**Student:** 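Could you have a look at this structure, given as structure tokens, before my questions?
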Amino acid sequence: HRCRLLGGYGLAALLVLGLTVYGFDYYFLDFTQRPFSSKHLMLKPSGLIGLWLGILGVLLFLGIFLYPLRKRWDWLRRQGNTKHWLDFHVLFGLTAPFVIAFHSSFKFRGLAGMAFWIMVAVVLSGIVGRYLFAQIPRSLNAAELSLKEAQDLIGQLAQQLTSQRLIPPAKLASLFALPSAREVETQPVLRAFLVMVALDVLRVARIARLRRRATGPWGAFLTFGGLLITDNKELERVIEIARRQAALSKRILFFSRSQQVFHLWHVVHKPFSYSFAVLAVLHILVVMLFGVR
């Protein structure tokens with residue numbers, strides 16, 4: 001599954017890169033000058049490349065809506081597992097705006113333009129949803145089990161960390177800086193979500209700082225400021241233990257707020273998705289009935 005997913009992202013990246021290189025001079029022309037370009041017959045929305053990009057966009061559009069359809073169709077529900085379906089749902093969702101943008105030759109006007117910007121809103125909210133999906137289990141029983149396992153694992157990781165002397169405990173403590181439970185519960189939902197994201201971003205920065213301090217200037221240079229792993233396996237083992245403990249502690253602290261944000265996200269994501277679907281179908285019907293030049 002991972003290989004297929006990476007292959008999908010690789011193909012999407014190659015497609016976007018190829019179109020950018022080939023059409024760079026065309027896409028930067030003024031709209032009034034494009035008909036005089038030798039690439040116009042290929043890259044305009046009804047051109048050979050533009051038309052196939054439109055067809056690919058429709059296929060991606062259909063692929064995106066297979067994931068919610070799976071929840072209501074028993075046969076699809078039995079195919080694969082939810083995580084794999086979600087991964088490809090995200091892949092199609094991230095790829096579709098680029099494909100549609102190139103199909104339209106970056107002319108976002110009228111019905112098609114409205115559909116495009118709604119699709120962008122759907123994609124951005126989808127990224128948020130994928131992040132939230134990773135924060136909470138799918139059922140109450142799974143939640144209780146997950147939280148208990150996480151708490152047990154935190155205890156095991158803490159014991160492992162106390163036996164390590166490679167990084168001073170005071171420096172490792174920076175990874176576990178969290179707000180109090182009372183602060184989390186009294187925060188507005190959106191602010192709690194932003195704090196969750198900020199803590200994940202800060203954890204990456206704090207781990208990079210630990211690597212820089214442990215490896216010195218030359219090690220910091222080789223690891224791109226501590227963002228890349230070092231060749232010191234013992235150091236990386238300690239950092240990984242501390243990272244997992246910090247991530248689990250944050251997940252437990254924000255568990256109830258994650259559920260609240262996820263419910264709020266559904267309220268926003270679904271209307272955008274259905275609006276995009278309606279506008280996309282209308283655009284396709286208009287093109288089929290009246291044609292494009």
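Hydrogens, waters and symmetry mates play no part in the numbers below; they use all other heavy atoms, side chains included. Because the structure is predicted, anything quoted here is derived from the model rather than measured.
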**Student:** Is there a donor-acceptor pair closer than 3.5 Å between any side-chain N or O of R130 and the backbone N or O of V90?
**Tutor:**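 Side chain of R130 to backbone of V90: no pair is present.
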**Student:** Tell me, do S104 and L53 make a side-chain contact under 4.5 Å, heavy atoms counted?
**Tutor:** no
**Student:** Would a single hydrophobic cluster contain both L43 and W52, if residues Ile, Leu, Val, Met, Phe, Trp and Tyr are joined by side-chain heavy-atom contacts under 4.5 Å?
**Tutor:** yes
**Student:** Are any side-chain N or O atoms of R212 and backbone N or O atoms of G226, one a donor and one an acceptor, separated by less than 3.5 Å?
**Tutor:** no
**Student:** To the nearest 0.5 Å, what is the distance between CD on E185 and OG on S180?
**Tutor:** 10.0 Å
**Student:** Taking all atoms of both residues into account, what is the closest heavy-atom pair of M119 and P97, and its distance?
**Tutor:**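 That closest heavy-atom pairing would be CE-CA, 3.5 Å.
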**Student:** Is there a path from L41 to L19 through hydrophobic residues (I, L, V, M, F, W, Y) whose side chains come within less than 4.5 Å of each other?
**Tutor:**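 Different clusters.
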**Student:** Quick one: closest heavy-atom pair of R203 and K250, and the distance?
**Tutor:** NH2-CD, 3.7 Å
**Student:** Could you give the distance from CZ (F92) to CZ (F61), rounded to the nearest 0.5 Å?
**Tutor:**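 Answer rounded to 0.5 Å: 13.5 Å.
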**Student:** List the steps, then state whether side-chain contact (heavy atoms from CB on, under 4.5 Å) holds for Y131 with D200.
**Tutor:** CA-CA 11 Å; Y131 171 79; D200 286 335; 2.4 Å; yes
**Student:** For the residue pair T95 and L91, what are the closest heavy atoms and their distance?
**Tutor:**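 Minimum heavy-atom contact is OG1-O, 2.8 Å.
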**Student:** Using a distance-only test with no angle check, is there a side-chain donor-acceptor pair under 3.5 angstrom linking S105 and R34?
**Tutor:**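 Their side chains do contain a donor-acceptor pair, which is all the 3.5 Å distance test asks for.
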**Student:** When rounded to the nearest 0.5 angstrom, what is the spacing between CZ in F102 and CG in L15?
**Tutor:** 7.5 Å
**Student:** More than 12 non-hydrogen atoms from neighbouring residues, nucleotides or ligands closer than 6.0 Å to CD1 on I55, yes or no?
**Tutor:**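 Atom CD1 in I55 is packed in, count exceeds 12.
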**Student:** Return the CG to OH distance between L94 and Y9, rounded to the nearest 0.5 Å.
**Tutor:**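 So the gap between those two atoms works out to 5.0 Å.
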**Student:** Would you name the heavy atoms of A96 and I64 that are closest together and state the gap between them?
**Tutor:** CB-CD1, 4.1 Å
**Student:** Does CZ belonging to F224 count more than 12 external heavy atoms closer than 6.0 Å?
**Tutor:**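 No, not enclosed.
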**Student:** Can you name the closest pair of heavy atoms from L228 and L222 and give their distance?
**Tutor:**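 Distance-wise, the nearest heavy atoms are CD1-O, 4.4 Å.
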**Student:** Would you say K39's side chain and Y22's backbone share a donor-acceptor pair under 3.5 angstrom?
**Tutor:** yes
**Student:** Answer yes or no: is there a donor N or O on one side and an acceptor on the other, between the side chain of R211 and the main chain of A220, under 3.5 Å?
**Tutor:**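 A pair under 3.5 Å: no.
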**Student:** In terms of ring plane angle, is the pair F221 and W218 parallel, tilted or perpendicular, where the classes change at 30° and 60°?
**Tutor:**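 Parallel, since the angle between the ring planes stays under 30°.
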**Student:** Do L51 and Y26 share a hydrophobic cluster (ILVMFWY, side-chain heavy atoms under 4.5 Å, transitive)?
**Tutor:** no
**Student:** To the nearest 0.5 Å, how far apart are NE2 in H40 and CD in Q33?
**Tutor:**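 Taking NE2 in H40 and CD in Q33, the distance rounds to 11.5 Å.
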**Student:** Could you report the tightest heavy-atom contact between G93 and V123, atom names first, then the distance?
**Tutor:** O-CG2, 3.0 Å
**Student:** Any side-chain to backbone donor/acceptor pair from T186 onto E183? Under 3.5 Å, distance only.
**Tutor:**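 Side chain of T186 to backbone of E183, a donor-acceptor pair under 3.5 Å: yes, one is there.
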**Student:** Just wondering, are more than 12 heavy atoms of other shown residues or ligands nearer than 6.0 Å to CZ in F98?
**Tutor:** no
**Student:** Would the F193 and F254 ring centres measure less than 6.0 Å apart?
**Tutor:**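 Not under 6.0 Å, so no.
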**Student:** Run the side-chain contact (heavy atoms from CB on, under 4.5 Å) check on T20 and V16 step by step: do they pass?
**Tutor:** CA-CA 6 Å; T20 302; V16 171; 4.1 Å; yes
**Student:** Would you say D231 has more than 12 foreign heavy atoms packed within less than 6.0 Å of its CG?
**Tutor:**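 It does not: D231 CG has 12 such atoms or fewer within range.
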**Student:** Any donor and acceptor pair, going by atom type alone, linking the side chain of H103 with main-chain N or O of G50 inside 3.5 Å?
**Tutor:** yes
**Student:** Kindly compute the distance separating CD (Q187) from CE (M196), expressed to the nearest 0.5 Å.
**Tutor:**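 If we round to the nearest 0.5 Å, Q187:CD and M196:CE are 11.0 Å apart.
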**Student:** Grouping I, L, V, M, F, W and Y whenever their side-chain heavy atoms are under 4.5 Å apart, do V204 and I127 come out in a common cluster?
**Tutor:** no
**Student:** Treating Ile, Leu, Val, Met, Phe, Trp and Tyr as nodes and any side-chain heavy-atom pair under 4.5 angstrom as an edge, say whether I100 and L14 lie in one connected cluster.
**Tutor:**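 No, because I100 and L14 fall into different hydrophobic clusters, even though each may have its own neighbours under 4.5 Å.
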